[in-house]
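Counting starts at 1 for both ligands and their atoms, in listed order.
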Amino acid sequence: MKRYAKNDFAAPMYVCYTLCMTYANIIVNISHDNLDKTFQYTVPSHLEGTVSVGDYVSIPFGKGNRIINGYVLELTDRPAYDPAKQKEIVSIVTDADLVETKLLKLAHWMRERYGSTMITALKTVLPVKKKVKAAEQKTVVLKVSSEEAIDCLRTCEKKHQTARVRILQALIEEKELDYRLVTSKLNISPATLRLLSEQGILSIVHERVYRNMHVEEGRSEKPVLNEEQKVITDAVLADLKNDIHKTYLIRGITGSGKTEVYMEIIEAVVAAGRQAIVLIPEIALTYQTVLRFYKRFGDRVSTLHSKLSDGERYDQFERARKGDIDVMIGPRSALFTPFSNLGLIVIDEEHEPTYKSDTMPKYHATEVARELAALHHASVILGSATPSVTSYYEAKKGNYQLFTLDRRAKEAILPKVEIADLREELKSGNRSIFSRTLKAQIDDRLTRGEQVMLFLNRRGYAGFVSCRSCGHVMKCPHCDVSLSEHKGHKLVCHYCGYEQSSVSECPECHSKMIGGMRAGTQQIEEQIKKIFPQARVLRMDADTTKSKDSYEKILSAFANREADILVGTQMIVKGHDFPYVTLVGILAADLSLYANDYRASERTFQLLTQAAGRAGRGERPGSVVIQTYNPEHYSVICAGKQDYEGFYDEEIAYRGLLNYPPCGHLLAILTESISESMAADYARHLAEYLKNDIMIIGPADASVRKISDVFRQVIYIKSRSVEELQRVKDKAEHYIETHPAGKIRITFDLDPVHGY
Ligand code: ADP
Ligand code: ZN
Ligand code: ZN
């Protein structure tokens with residue numbers, strides 16, 4: 001009952017004073033299409049306070065009052081119709097430990113925490129039921145000996161048949177590969193496969209045959225874990241044995257062996273008859289990663305990704321429900337895999353902003369994972385080279401158990417990092433996008449036939465205005481965020497609405513070279529072609545990766561050394577290892593530093609550290625050049641030294657001072673409408689209604705004021721206590737319920753990962 005006490009804060013007038021949830025909305029047949037078909041029953045006094053959302057209950061149904069079971073979807077104090085005519089719940093089915101119950105409880109928790117209707121929350125956790133013709137699973141198998149395959153590979157190499165080279169290389173290593181992975185991730189066309197099959201080099205085998213074969217062949221050998229890795233697995237496995245469930249955070253640089261640690265622990269979880277979910281950011285869900293899990297766990301693994309149809313997704317979830325798989329790998333939505341006895345959730349690269357949902361309810365995967373783990377008495381492992389400030393803060397407070405992996409498992413050499421001060425370059429007359437040191441080093445790599453990655457940090461491309469002579473950035477005097485350039489010669493703060501007119505001269509050094517940053521990857525590609533005409537250049541950004549598989553295609557072309565230079569956005573940071581890349585250039589480290597967002601330094605540090613980590617992954621030592629107008633900024637300096645602790649200390653002091661997450665919490669309420677005045681009026685009234693209880697910032701135009709002709713207003717509310725923000729959210733929901741917003745869309749975002 002305590003849970004509902006918030007209601008007397010939200011709207012004392014509307015709430016029954018006994019605060020009892022007397023009515024239960026019950027669903028009999030739980031599926032996407034039926035979510036609005038609920039039946040209301042009265043909670044009898046002997047069950048009051050015992051029934052909760054998600055419970056499986058017995059009810060008298062229909063004219064004959066036949067006793068059937070259903071799930072409690074919602075509890076409410078408002079009867080939907082005459083209470084005298086309502087039937088009563090008979091009992092709670094206590095021996096039913098059902099997956100659905102846990103998912104419903106999870107949906108309820110998400111709805112309460114992040115704000116959305118129960119139906120929207122349920123649609124997030126329940127898969128769309130759509131029958132598909134069972135897609136046949138096929139496998140590509142090598143039919144000739146390794147020696148013959150190598151001969152064939154040599155011939156194909158001479159003829160520059162790169163697709164054949166790719167599939168042969170993979171088959172020589174693996175002997176058998178999942179058909180779908182071959183066509184999608186390796187990007188081999190069915191025609192090529194048919195051709196090689198006709199030549200008798202490989203064959204395409206159907207699922208059932210493949211399964212039997214797999215068991216006979218056994219699984220791949222695993223490496224002997226090093227001391228650092230053992231410390232982690234010993235501790236976690238001991239906890240598992242003693243039925244202790246925690247959240248662990250592994251901070252370990254890329255290549256330090258985190259994935260091996262996850263797999264070792266998953267193996268123990270599976271051996272104990274339980275299941276595991278592994279979350280990987282979509283962009284890192286590459287063929288190589290997935291294959292490692294297939295090799296270790298065979299066909300008891302399944303993967304989800306955004307390109308699956310609803311039907312294919314549903315099939316994967318059904319396999320999980322039936323107990324046909326033990327491990328599900330996928331992006332954040334894989335959390336909702338209906339495993340009956342979940343033992344472990346791993347979240348790799350846990351700092352990635354994609355773990356935050358961009359639709360309502362705007363949940364964060366880490367928080368949901370912890371809630372889900374609590375429902376299942378399971379554990380959570382978070383891993384990252386650059387943990388989010390939030391997770392590290394939790395670890396420091398003792399809420400997570402922290403482990404570190406400091407060495408690369410294969411003892412590769414860490415790259416040498418150099419910071420190039422672009423202000424100095426300008427002073428000495430160099431106006432090119434390349435500093436002298438970066439240009440010299442690119443020349444050197446081209447001569448030696450090694451590869452270069454050039455990374456343009458484009459996050460925060462929101463039109464911030466900076467001085468090219470001294471690096472000064474136009475900032476809001478009240479908020480410590482950069483101002484954004486708006487049409488009509490205005491500079492605007494998106495946090496408080498502060499406005500001033502544009503400047504034509506730097507207020508610091510009076511240089512006229514002040515303006516919005518505008519360099520894109522395309523311009524950079526053109527520049528490279530001009531400066532290094534001999535180089536073969538590939539570009540990867542949102543434009544070149546629109547079509548299906550183009551991401552993998554570009555990466556495999558680069559891995560096959562079909563180009564010397566790869567230029568791209570943060571996309572190039574992830575995925576493949578490129579042993580021939582010995583130079584990484586970060587062209588404009590500052591572009592994310594002044595995004596109008598309190599996490600800007602964190603994002604910058606993470607991107608720089610990860611980009612730097614791409615150099616020297618093979619036998620050759622690598623170097624990194626970070627070009628910046630802010631060589632003294634702590635996120636740049638610490639990234640250069642790969643000094644996470646140093647960065648964290650600076651950053652947490654700043655967050656604490658300003659009460660930003662994780663030291664405080666932030667709730668954003670966004671109102672959107674095709675009518676600018678309607679969005680603004682509604683936001684203003686809502687803010688007015690809320691402001692008696694708490695300090696409100698705004699409403700103000702969102703940083704992107706209009707998207708597809710929809711105008712957006714944003715209200716920010718800061719508090720030390722997340723519970724307080726939840727009460728404000730409940731109160732806002734109440735306001736919305738009683739003041740229908742019509743065609744205005746309202747979104748809640750607790751601790752947003754991006755500014756609005
Ligand atoms: P991370 O997940 O931290 O990036 P991985 O687990 O992928 O690191 O390990 C990087 C590489 O080192 C992989 O090729 C992996 O197989 C190998 N590796 C990891 N641990 C060991 C070990 N104990 N002995 C030998 N090789 C290892
Ligand atoms: Zn200046
Ligand atoms: Zn401001």
Side-chain angles (χ1 to χ4, degrees), residues 169-170 172-174 185 219-237 248-269 276-297 301 303 327 329-331 344-352 355 380-388 391-392 402-415 555 559 572-581 584 606-607 609-620 622 642 644:
Q169 272 170 345
I172 288 166
E173 210 179 299
E174 298 304 330
K185 296 292 182 192
R219 292 168 185 178
S220 73
E221 72 300 344
K222 48 186 190 190
V224 179
L225 297 185
N226 63 33
E227 285 303 311
E228 284 186 304
Q229 290 170 313
K230 283 282 281 176
V231 169
I232 307 175
T233 54
D234 285 351
V236 178
L237 295 183
Y248 309 90
L249 172 63
I250 306 176
R251 175 161 71 83
I253 54 173
T254 312
S256 60
K258 295 186 293 298
T259 309
E260 291 299 333
V261 169
Y262 306 152
M263 291 200 290
E264 188 73 14
I265 297 166
I266 292 169
E267 201 166 275
V269 166
I277 293 171
V278 181
L279 301 189
I280 294 180
E282 179 97 29
I283 200 160
L285 248 176
T286 57
Y287 172 75
Q288 288 175 344
T289 320
V290 173
L291 191 64
R292 284 173 71 184
F293 281 89
Y294 275 82
K295 277 169 74 177
R296 186 81 168 249
F297 300 102
V301 179
T303 47
V327 183
I329 307 173
L344 178 71
I345 304 168
V346 173
I347 306 184
D348 193 30
E349 312 263 9
E350 66 83 31
H351 63 277
E352 278 293 316
Y355 284 128
V380 177
I381 300 179
L382 310 173
S384 171
T386 51
S388 65
S391 292
Y392 210 64
L402 180 67
F403 296 109
T404 41
L405 288 175
D406 285 328
R407 282 174 299 140
R408 279 188 181 167
K410 283 179 178 165
E411 299 292 350
I413 314 143
L414 282 175
L555 287 182
I572 67 175
V573 172
K574 292 281 145 54
H576 297 223
D577 268 347
F578 302 106
Y580 290 96
V581 171
V584 169
Q606 286 162 349
L607 288 167
T609 309
Q610 302 230 343
R614 302 306 308 174
R617 296 298 295 275
E619 264 106 65
R620 293 150 226 260
Q642 311 257 313
Y644 181 86

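- Shortest non-hydrogen contact noted between Phe403 and Val231 is CE2-O, 4.4 Å.
- Proximity to Gln229 (heavy-atom distance under 4.0 Å) selects the following atoms of ligand 1: 19 (C), 20 (N), 22 (C), 23 (N).
- Those atoms of ligand 1 that come under 4.0 Å of a heavy atom in Lys258, given as number and element, are 1 (P), 2 (O), 3 (O), 6 (O), 8 (O).
- Proximity of a side-chain donor or acceptor of Tyr248 to a complementary backbone N or O of Ala235 within less than 3.5 Å is not detected.
- Leu382 approaches Ser391 most closely through the heavy-atom pair CD1-OG, 3.8 Å.
- Residue Val224 has at least one nitrogen or oxygen atom sitting less than 3.5 Å from a nitrogen or oxygen atom of ligand 1, judged on distance alone.
- Residue contact check: Asn226 has heavy atoms under 4.0 Å from atoms 23 (N) of ligand 1.
- The shell of residues lying under 4.0 angstrom from ligand 1, judged by heavy atoms, includes Arg292.
- The pair Glu260-Arg296 meets the salt-bridge criterion, with a side-chain N (NZ, NE, NH1 or NH2) lying under 4.0 Å from an Asp/Glu carboxylate O.
- No donor-acceptor pair under 3.5 Å is formed between the side chain of Lys258 and the backbone N or O of Ile250.
- Close N/O approach between Gly252 and ligand 1 is not found [any backbone or side-chain N/O within under 3.5 Å].
- For the residue pair Ser388 and Glu350, a side-chain donor N or O sits within less than 3.5 Å of a side-chain acceptor on the partner.
- The backbone N or O of Pro387 sits less than 3.5 Å from a side-chain atom of Tyr644, completing a donor-acceptor pair.
- Residue Leu405 places every heavy atom at 4.0 Å or more from ligand 1.
- Interface of Gly257 with ligand 1, defined as ligand atoms under 4.0 Å from a residue heavy atom, comprises 1 (P), 3 (O), 5 (P), 6 (O), 8 (O), 9 (O), 19 (C).
- Contact between Ser256 and ligand 1 is present, with at least one heavy atom of the residue lying under 4.0 Å from the ligand.
- Proximity of Ile253 to ligand 1, defined as any heavy-atom pair under 4.0 Å, is confined to the backbone N, CA, C and O atoms.
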